[in-house]
Amino acid sequence: MTCRGLVRGWQLGGSMTSFEERVKRIVLETMEELGRKPEEIQDVIEPPGAEYCLIRFEDSKIEPIEIPKPLGAGESQEKDEIRRALSYRLRV
């Protein structure tokens with residue numbers, strides 16, 4: 001499932017891990033807060049066996065972002081980290 005699919009009406013859940021689902025939701029919310037179009041995100045995936053989620057962009061010139069699995073961090077800390085990463089990468 002991709003973020004692009006979520007934007008077009010896909011539902012969260014299914015075979016995603018809870019971490020991947022949470023990161024996708026936070027990325028969509030954050031893109032809107034930053035005044036950017038969620039469609040700029042190609043996908044958000046947690047590769048099998050990985051300890052991170054990868055945020056990839058439609059524009060291939062923008063490097064992907066790795067979001068590490070938190071070690072006991074709360075959602076607000078994850079949201080802050082994702083917001084900082086997106087702001088930096090998108091130069092917002």
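Between Ile67 atom CD1 and Leu86 atom CG the span is 7.0 Å, to the nearest 0.5 Å. Expressed to the nearest 0.5 Å, how far CD1 of Ile55 lies from CG of Asp43 amounts to 10.0 Å.
Across Lys24, Arg22, Arg83, a single residue satisfies salt bridge (charged side-chain N to carboxylate O under 4.0 Å, His left out) together with Glu78, and that is Arg22.
In this structure, Thr30 and Ile82 approach most closely via the heavy-atom pair OG1-CG2, 4.5 Å. Across Lys79 and Glu33, no two heavy atoms sit closer than the pair NZ-OE2, 3.2 Å. The shortest heavy-atom contact between Phe19 and Tyr52 is CE2-C, 3.9 Å. Minimum interatomic distance between Ala85 and Ile65 (heavy atoms only, all atoms of both residues): O-CD1, 3.7 Å.
Under 4.0 Å is where a charged nitrogen must lie from a carboxylate oxygen, and between Arg89 and Glu63 no such pair does. One finds no salt bridge joining Glu21 and Arg25 here, because no Lys/Arg side-chain nitrogen approaches an Asp/Glu carboxylate oxygen to under 4.0 Å.
Not counting sequence neighbours, the partners of Pro64 by the side chain to side chain contact (heavy atoms under 4.5 Å, CB included) test are Leu54, Arg56. With sequence neighbours left out, the side chain to side chain contact (heavy atoms under 4.5 Å, CB included) criterion links Arg36 to Met31, Leu34, Glu40, Leu90, Val92. With sequence neighbours excluded, the residues satisfying salt bridge (Lys or Arg N to Asp or Glu O under 4.0 Å) with Lys69 are Glu46.
Residues Ile45 and Glu20 have side chains in contact (heavy-atom distance under 4.5 Å, counting atoms from C-beta outward). Pro68 is not listed as a side-chain neighbour of Glu51, based on a closest heavy-atom distance of 4.5 Å or more. Residues Glu75 and Ile26 are in side-chain contact: their nearest non-hydrogen atoms beyond the backbone lie under 4.5 Å apart.
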